[in-house]
Amino acid sequence: MPSEIETWDGRQLTAARALSGLTVRELADRARTTKRVISDLETGGLVKVSPERRHGHVSADLWGRIVGALEEAGVELTTERGGHGAGARWIQPRRARE
């Protein structure tokens, strides 16, 4: 039975990074990857996350490091649900961020 593959959008990653205030280099450093990987994910359209490394997919380990770095910077990625599209948002309300 094939493993479940999550899908995200590169523009969603770009939006999350912009909200976090991180540069591509800073996000790459925090996620222990390269600037090129982050840039490729942001401009490549659909991001497929697989439990194992596969051609054309991002490993769940790498994606987890990227998402973790964004969360440490106060931003989370959201999935499609309730008739709303996927996106990025601050974890804390505005009053808690100020």
Side-chain angles (χ1 to χ4, degrees):
M1 181 178 206
S3 300
E4 174 108 8
I5 295 177
E6 295 180 28
T7 57
W8 301 88
D9 189 287
R11 291 173 295 184
Q12 185 180 8
L13 179 57
T14 303
R17 186 178 55 74
L19 281 175
S20 73
L22 297 173
T23 66
V24 172
R25 165 64 62 208
E26 290 168 335
L27 179 56
D29 289 347
R30 291 181 183 202
R32 299 182 328 273
T33 190
T34 65
K35 182 179 171 184
R36 180 174 177 161
V37 165
I38 300 298
S39 181
D40 286 352
L41 289 172
E42 288 187 0
T43 60
L46 189 64
V47 176
K48 297 177 184 177
V49 180
S50 175
E52 294 118 21
R53 187 174 177 187
R54 296 171 50 179
H55 181 70
H57 294 71
V58 177
S59 73
D61 176 63
L62 172 57
W63 189 250
R65 293 194 318 262
I66 293 168
V67 169
L70 289 167
E71 288 175 351
E72 286 178 10
V75 175
E76 68 181 349
L77 297 174
T78 61
T79 58
E80 291 187 1
R81 64 178 174 264
H84 292 90
R89 66 180 179 187
W90 282 294
I91 293 171
Q92 296 182 329
R94 183 179 319 238
R95 68 182 176 280
R97 292 190 318 265
E98 294 174 345

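Remark: Thr23 engages Arg25, Glu26 in a side-chain contact (heavy atoms from CB on, under 4.5 Å) (not counting sequence neighbours). Every residue was checked against the side chain to side chain donor-acceptor pair (under 3.5 Å) condition with Asp29, not counting sequence neighbours, and none meets it. Among residues two or more places apart in sequence or in another chain, the side-chain contact (heavy atoms from CB on, under 4.5 Å) test is passed with Thr43 by none. The salt bridge (charged side-chain N to carboxylate O under 4.0 Å, His left out) check on Arg11 picks up Asp9, with sequence neighbours excluded. Applying the salt bridge (charged side-chain N to carboxylate O under 4.0 Å, His left out) test to Arg17 and every residue at least two apart in sequence or in another chain returns Glu42.
Of the inter-residue distances, the one linking Glu6 atom CD with His57 atom NE2 reads 11.5 Å to the nearest 0.5 angstrom.
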Identify all side-chain donor-acceptor contacts of residues 86-95 below 3.5 Å with residues at least two apart in sequence or on another chain.
{"from": "Arg89", "atom 1": "NE", "to": "Glu76", "atom 2": "OE2", "distance (Å)": "2.6"}
{"from": "Arg89", "atom 1": "NH2", "to": "Glu76", "atom 2": "OE2", "distance (Å)": "2.9"}
{"from": "Trp90", "atom 1": "NE1", "to": "Leu19", "atom 2": "O", "distance (Å)": "3.4"}

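The hydrophobic cluster around Leu70 extends to Trp8, Leu13, Leu22, Val24, Leu27, Val37, Ile38, Leu41, Val47, Val49, Val58, Leu62, Trp63, Ile66, Val67, Leu77, counting ILVMFWY residues whose side-chain heavy atoms fall within less than 4.5 Å of a member.
Looking only at distances, no side-chain donor or acceptor of Gln12 sits under 3.5 Å from a matching main-chain atom of Thr79. For Arg65 (side chain) and Thr33 (main-chain N/O), no donor-acceptor pair under 3.5 Å exists by modelled atom type.
Looking at every heavy atom in both residues, Pro51 comes nearest to Ala60 through CA-CB, 4.0 Å.
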